[in-house]
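First comes the structure, then the notes that go with it.
Quick caveat, the model's predicted, so the values are computed rather than measured. Starting from 1, each residue takes its place in the sequence as its number.
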Amino acid sequence: MDMSIEFAAKKNADSNVKVDSNAKLGWGERLAYGLGDYAGNLVYSVISAFLLVYYTEVCGMNAAAAASVMAASRIFDGLSDLIMGRIVDRTHSKWGKARPWLLRASIPLAICTVLMFSMPAGLADGAKVAYAFITYNLVSTVFFTMLNVPYATMQGMMTTNQYERGVLGNVRMLLATFGTMTVNTVVPILTGAFGADDPRRGWTITTIILMAAFLLINLTTFLFCKERAVDESGSENGKKNQPSVGKALKSLIVNKYWVLQVILLFSMYFMMSTFFGSNYYFAQYVLKNEGAYAVLSNALSLSQMGIMFVTPIIMKKVSKRWLSVIGMSVSAVGFIITALAGANIPLIVFSNVIKGIGFGCGAATMWGLLQDAITYGQWKTGVQAVGMGNSASSFTTKVGSGIGTAALGWILAAGNFNVDPAGPASIAAIKVAVIVVPIITAVICIICMTLFDLDKKYDRVIADLEKGKWEKGSF
């Protein structure tokens, strides 16, 4: 069986230009790739940080009902990831397998995101749920999936160099964090400025501004990034050897490193949904200082960005795996400090700086580790499933995020948030989401990365693949 993606330097049949799949990339291309996640976070972060707030405080939806809509939709969202992964694996174009989808998905995603934050006034409760379900699924299940699965796949297609993949993942998460910080900073300002008389109008105008920026930035990623892993799956021989969906999924399930990374990603995205989704409530009701939200959020984001400027240097000395362990351990310490801080805002700001440092180390490594695990799976089984590997992982993150959002809604409902948001039970519920859940998930991530010892054998994997060899065994 021939590999669908060749790892050795080969000639591109269309351009007759020799392409080094193990290439070292320039900073221009690295930044262009990272800007794709900055753009994506103008969509993702406004959803994760503010959509539940928009539904409950602007549109008047019940917290549990709104969270349940988002959680149920994540199941469809995850299934669409698997479909999109298969589509990417079967895509053949002059721009590559993944890159063309950045163009195809951008405009409909921007339009539907604006619609999601434009719920008409005067709807009955059932109509609100229906509107939320339809627009949320158009954004997340259809068009964000159409964009994000190919974007994630590009990281593995631009180069097979392990260090370069680490740097791409680092730059990606650095700019994603900047995107999150941008959203956390400008959304309260813009919604306040444009929505002083009509909050709904404020949210619609704010989202239009964000989506205009998203379109321009995403175009930069498309124009300045290049896929180098040569795609032979469009040839007659490649089509014959293209694995079925079942075989591709089986090759992932038997790959222990991919499974460990999936558990880590599920845990992290579950945590992010509960933690980031409850931060606004934490500032408003626990600290009784709504204005502290931006300060607390930006303290975390700035420290995360700061450490990610140096993690490429650290990765030359410490493997991505151990850097992830260090990061999640540091973040757990930050959450413990928050638990001890009470309502002491300066101390909580300090704890968020610690969390940001930990998050930065973990975020810098997770996508590079995923690409390494997918490459290992190709060597282990002889099955090339880069699109399915990324999409199935994306499925996991979306399910984790959806369940995390639902868990937040259920936790708040258990604390009678809708009845008495400032009451003792509600305050306790918010603290569970902000402190307890993140500590538990940090421990799970540490265990996963302790078992992730692929760094001991990755050089052999790449050397074999460059020679057209793979272990395969009894698969």
Side-chain angles (χ1 to χ4, degrees), residues 41 44-53 56 63 66-67 70-71 74 173 176-177 179-181 183-184 187 264-287 292-305 327-341 345 347-363 366 397-415 417 426-446:
N41 265 270
Y44 178 81
S45 292
V46 76
I47 293 173
S48 61
F50 292 106
L51 186 58
L52 192 60
V53 174
T56 57
M70 297 164 71
R74 286 295 187 177
M173 294 310 298
T177 304
T180 299
M181 188 176 71
V183 167
N184 287 337
V187 167
L264 178 140
L265 290 170
F266 175 91
S267 301
M268 289 190 71
Y269 276 78
F270 179 93
M271 178 272 292
M272 286 191 289
S273 288
T274 56
F275 173 63
F276 289 116
S278 56
N279 270 346
Y280 191 83
Y281 298 132
F282 184 77
Q284 186 175 12
Y285 297 112
V286 178
L287 302 181
Y293 170 77
V295 175
L296 295 173
S297 297
N298 288 339
L300 191 153
S301 297
L302 285 170
S303 63
Q304 181 171 336
M305 290 175 63
M328 298 316 297
S329 300
V330 170
S331 69
V333 171
F335 285 109
I336 292 171
I337 294 174
T338 300
L340 300 174
I345 293 178
L347 187 54
I348 295 173
V349 170
F350 172 73
S351 74
N352 276 17
V353 171
I354 300 299
K355 295 170 200 169
I357 293 171
F359 283 178
C361 293
M366 62 184 185
T397 64
K398 288 181 176 179
V399 171
S401 179
I403 295 175
T405 299
L408 172 58
W410 298 330
I411 290 168
L412 293 176
F417 177 82
S426 179
I427 298 300
I430 293 170
K431 288 182 177 180
V432 167
V434 171
I435 299 169
V436 177
V437 170
I439 291 175
I440 293 172
T441 54
V443 172
I444 294 171
C445 292
I446 291 168

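Residues Phe275 and Val434 form a side-chain contact, since some pair of their non-hydrogen atoms from C-beta on lies under 4.5 Å apart. At a threshold of 4.5 Å between non-hydrogen side-chain atoms, the residues Val53 and Tyr281 count as touching. Contact of the Ile348 side chain with the Phe282 side chain is registered, since non-hydrogen atoms from C-beta on lie closer than 4.5 Å. Considering only heavy atoms from C-beta on, Leu52 comes within 4.5 Å of Leu408 through its side chain. In this structure, Ile354 and Val330 have side chains that are in contact, with non-hydrogen atoms separated by less than 4.5 Å. Here the side chains of Met268 and Met328 are in contact, with some heavy-atom distance below 4.5 Å.
By the side chain to side chain donor-acceptor pair (under 3.5 Å) test, Asn298 is found to be paired with Thr185, residues two or more places apart in sequence or in another chain being considered. Judged as a side-chain contact (heavy atoms from CB on, under 4.5 Å), and not counting sequence neighbours, the contacts of Ile427 are Tyr285, Val286, Lys431. Residues forming a side-chain contact (heavy atoms from CB on, under 4.5 Å) with Met272 (at least two apart in sequence, or on another chain): Tyr269, Phe276. The side-chain contact (heavy atoms from CB on, under 4.5 Å) search around Ile439 returns Phe335, Ile336, Ile435, not counting sequence neighbours. Partners of Ser351 under the side chain to side chain donor-acceptor pair (under 3.5 Å) rule, at least two apart in sequence or in another chain, are Thr338. Annotation: side-chain contact (heavy atoms from CB on, under 4.5 Å) contacts of Ile440 (sequence neighbours excluded): Val436, Ile444.
Rounded to the nearest 0.5 angstrom, Thr397 OG1 and Leu265 CG are separated by 6.5 Å. To the nearest 0.5 angstrom, Asn352 atom CG is 11.5 Å from Ile345 atom CD1. For the atom pair CD1 of Ile337 and CZ of Phe350, the computed distance is 5.0 Å after rounding to the nearest 0.5 Å. Separating the CD1 atom in Ile47 from the CG atom in Asn41 is a distance of 10.5 Å, to the nearest 0.5 Å. Here the straight-line distance linking atom CZ of Phe417 with atom OG1 of Thr56 works out to 6.0 Å at 0.5 Å rounding.
For the side chain to side chain contact (heavy atoms under 4.5 Å, CB included) criterion with Val183, the lone passing option out of Ser297, Ser301, Ser45 is Ser45.
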task: With side-chain contact (heavy atoms from CB on, under 4.5 Å) as the test, would you mind laying out the steps for Leu287 and Leu296 before giving the verdict?
output: CA-CA 11 Å; Leu287 302 181; Leu296 295 173; 3.5 Å; yes
- request: Output, in order, the C-alpha distance, side-chain angles, deciding distance and verdict of side-chain contact (heavy atoms from CB on, under 4.5 Å) for Thr180 and Tyr44.
  value: CA-CA 8 Å; Thr180 299; Tyr44 178 81; 6.0 Å; no
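In this structure, Val437 and Met271 approach most closely via the heavy-atom pair CG1-CA, 4.5 Å. Annotation for Met173 and Ala363: closest pair CG-O, 2.8 Å, computed over non-hydrogen atoms. The minimum heavy-atom distance between Ala299 and Val349, with the atom names listed, is CB-CG1, 3.8 Å. Of all heavy-atom pairs spanning Cys361 and Gly327, the tightest one is CB-CA, 3.5 Å. Residues Gly415 and Ala429 come closest through the heavy atom pair CA-CB, 4.1 Å.
Panel note: side chain Ser303, backbone Val353; a donor-acceptor pair is recorded below 3.5 Å. Using modelled atom types, one side-chain atom of Thr441 and one backbone atom of Pro438 make a donor-acceptor pair closer than 3.5 Å.
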